Engineer: 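Once you've had a glance at the structure underneath, I'll fire off some questions.
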Amino acid sequence: MTDDALMEHALALSRRARFSAPPNPWVGAVIVDASGVVGQGWTQPLGGPHAEVVALREAGERARGATMYVTLEPCAHHGRTPPCVEAIKAAGIGRVVVAIQDPDERVAGRGFMALRQAGIALDVGIGAEAVVDELLPYLYQRRSHRPWVLAKVAMSLDAKVADGLGVSQWITSAPARERGHELRARVGAIAVGANTMEVDHPQLTARPKDVDASFPQPERWVFARRPLSFCTPGVKITKETPEDFLDRLGAEGVLELLVEGGPTLLGSFLDHELVDELFVYIAPIIFGDQLASDAFRLTPPALLGDPGRFVHRGAENIGDDVELRLRSRRGEQSRADFVSVHLDS
């Protein structure tokens, strides 16, 4: 197998840790000798071994002189676990192929330096674009010290999120709602506005059908600057601005925040250009009612020459609905910056 193919395999392994690894990055590792793959692994839940160590344990003595493929720079510092670089050196790995550098200030090239100083052959940049796409929330949080912000909205064809009586359950189909639970499962925190809390009484828990239930539940928050008539037990209340809220979550190590609305809260995040990725679920229904609630409530004026613009990243039929995946211009620039570091190196 080629270097590219083996890095793709490591990337596929990393996705097995997508829900359980955060706030650590979800990483995959593969060890290969002349006979083929002798070890593989992915990041274990917080406090458990990293992908490199899992792969080394499986390879055992066959790791000596072998090549390791890993999606992210091995750590060289003591955290909850010992440095992966030391384990790689002790195992006698002869060559390490890494997709991208880790921007965490505790790593940031130190892992590469330690490997080179140990005389281990090192290649960096194989599969960089695909790994940046996969790890973008982690990379962004480590550089900006704020979580990557996802926003989700389920609406009708005429961009309404509730009918004229305020009823919003359910606009979209069960498969689209299941996709929403998958989004909740991947994030470290979720937030709604006061009106959504009082009208819908949301649980805000992640309940995806096909994901191991051992993943950690997200922190649950409601933005409310007034007393609430109802608040789901266990949901925390914040009176912070969105910017201050993001600063605090980032300092606590939260990698991703999911904003589920309603229109006022979502509009506030959009007004301040704080949304990095937008998931829109469109149901094939039309209300045609001026009393129905709009999906987005932004501060006027919103002129054609200066609207909030997103980059289209994909569309998919989900049951009877359509899922649109969009990335903000800022989010797209962040991706380009991380990719360019490795393409220019």
Side-chain angles (χ1 to χ4, degrees), residues 1-128 130-132 134-135 138-139 142 214 341-342 345:
M1 297 179 71
T2 65
D3 285 348
D4 288 326
L6 286 162
M7 186 60 74
E8 287 178 6
H9 181 43
L11 179 58
L13 291 173
S14 76
R15 296 189 179 110
R16 300 188 185 186
R18 181 62 180 88
F19 298 101
S20 59
N24 285 334
W26 44 105
V27 178
V30 179
I31 299 173
V32 178
D33 68 6
S35 67
V37 174
V38 296
Q40 58 185 19
W42 52 90
T43 309
Q44 298 302 294
L46 195 63
H50 293 182
E52 299 95 319
V53 173
V54 175
L56 287 169
R57 289 175 179 173
E58 183 175 295
E61 285 301 315
R62 293 175 296 178
R64 191 160 301 277
T67 297
M68 172 180 283
Y69 295 82
V70 60
T71 54
L72 185 68
E73 176 184 6
C75 64
H77 66 284
H78 284 271
R80 292 183 176 88
T81 60
C84 290
V85 165
E86 295 304 317
I88 292 170
K89 290 161 57 176
I93 289 287
R95 176 184 177 228
V96 177
V97 181
V98 183
I100 62 173
Q101 179 175 306
D102 189 339
D104 189 305
E105 59 188 16
R106 298 168 297 177
V107 189
R110 292 179 179 86
F112 293 157
M113 183 182 301
L115 292 172
R116 291 188 175 106
Q117 289 176 344
I120 298 173
L122 176 66
D123 291 297
V124 179
I126 300 294
V131 174
V132 165
E134 181 66 31
L135 281 177
Y138 168 79
L139 302 174
R142 286 299 191 267
S214 64
V341 167
H342 298 91
S345 61

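Quick note: numbers below take in every heavy atom, side chains included, and nothing from hydrogens, waters or symmetry partners. Just so you know, residue 1 is the first one in the sequence shown, and it goes up from there. Since the model is a prediction, treat every value here as computed from it, not as a measurement.
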Engineer: For residues V30 and L13, determine if any side-chain heavy atom of one lies less than 4.5 Å from a side-chain heavy atom of the other.
Structural biologist: yes
Engineer: To the nearest 0.5 Å, what is the distance between CD on Q40 and CG on L56?
Structural biologist: 13.0 Å
Engineer: Check whether any side-chain heavy atom of S20 sits under 4.5 Å from a side-chain heavy atom of R16, and report yes or no.
Structural biologist: no
Engineer: Compare every heavy atom of V107 with every heavy atom of P74, then report the nearest pair and how far apart it is.
Structural biologist: O-CG1, 3.9 Å
Engineer: Is any side-chain heavy atom of R57 less than 4.5 Å from a side-chain heavy atom of P49?
Structural biologist: yes
Engineer: Hey, could you give me the NE2/OG1 distance between H50 and T43, rounded to the nearest 0.5 Å?
Structural biologist: 6.5 Å
Engineer: Below 4.5 Å, heavy atoms only, C-beta onward: do V98 and L72 meet side chain to side chain?
Structural biologist: no
Engineer: Kindly compute the distance separating CG (L122) from CD (Q117), expressed to the nearest 0.5 Å.
Structural biologist: 12.0 Å
Engineer: For a quick test of reading the model, state the closest non-hydrogen atom pair linking R142 to P103 and the distance between them.
Structural biologist: CB-CG, 3.9 Å
Engineer: Which is it for D33 and R62 under the salt bridge (Lys or Arg N to Asp or Glu O under 4.0 Å) test, yes or no, and what are the steps along the way?
Structural biologist: CA-CA 7 Å; D33 68 6; R62 293 175 296 178; 5.9 Å; no
Engineer: Check A55 against G41 and note the closest heavy-atom contact, atom names and distance.
Structural biologist: CB-N, 3.8 Å
Engineer: Would you call I100 and L139 a side-chain contact if the rule is heavy atoms closer than 4.5 Å?
Structural biologist: yes
Engineer: Start with the C-alpha distance between R95 and D3, add both sets of side-chain angles, then the distance that settles salt bridge (Lys or Arg N to Asp or Glu O under 4.0 Å), and finish with yes or no.
Structural biologist: CA-CA 12 Å; R95 176 184 177 228; D3 285 348; 2.8 Å; yes
Engineer: Determine whether a donor-acceptor pair (N or O, by modelled atom type, separation under 3.5 Å) exists between the side chain of E52 and the backbone of C84.
Structural biologist: no
Engineer: Decide yes or no on side-chain contact (heavy atoms from CB on, under 4.5 Å) for W26 and T71, but give the supporting numbers first.
Structural biologist: CA-CA 9 Å; W26 44 105; T71 54; over 6 Å; no
Engineer: Do V85 and C75 have side-chain heavy atoms sitting under 4.5 Å apart?
Structural biologist: no
Engineer: Applying side-chain contact (heavy atoms from CB on, under 4.5 Å) to M1 and V32, what does each step give before you reach the verdict?
Structural biologist: CA-CA 10 Å; M1 297 179 71; V32 178; over 6 Å; no
Engineer: Taking the side chain as every heavy atom from C-beta outward, state whether I93 and I31 have any pair of such atoms under 4.5 Å apart.
Structural biologist: yes
Engineer: Evaluate V53 against Q44 for side-chain contact (heavy atoms from CB on, under 4.5 Å), listing each step before the verdict.
Structural biologist: CA-CA 10 Å; V53 173; Q44 298 302 294; over 6 Å; no
Engineer: Just checking, is any N or O donor in the side chain of Y138 or D102 under 3.5 Å from an acceptor N or O on the other one?
Structural biologist: yes
Engineer: State, to 0.1 Å, how close M7 and G127 come at their nearest heavy-atom pair, and which atoms those are.
Structural biologist: CG-CA, 4.3 Å
Engineer: If we ignore angles and hydrogens, is there a donor and acceptor under 3.5 Å between the side chains of T2 and D4?
Structural biologist: no
Engineer: Does the side chain of W42 come within less than 4.5 Å of V54's, by heavy atoms?
Structural biologist: no
Engineer: Quickly, which of V96, I120, V124 forms a side chain to side chain contact (heavy atoms under 4.5 Å, CB included) with F112? Name it, please.
Structural biologist: V124
Engineer: Search all heavy atoms of S14 against all heavy atoms of G28 and return the closest pair with its distance.
Structural biologist: CB-N, 3.3 Å
Engineer: For a quick test of reading the model, state the closest non-hydrogen atom pair linking P83 to A76 and the distance between them.
Structural biologist: CB-C, 3.7 Å
Engineer: With side-chain contact (heavy atoms from CB on, under 4.5 Å) as the criterion, how do Q101 and R110 come out once you've worked through the C-alpha distance, each side chain's angles and the decisive distance to 0.1 Å?
Structural biologist: CA-CA 10 Å; Q101 179 175 306; R110 292 179 179 86; over 6 Å; no
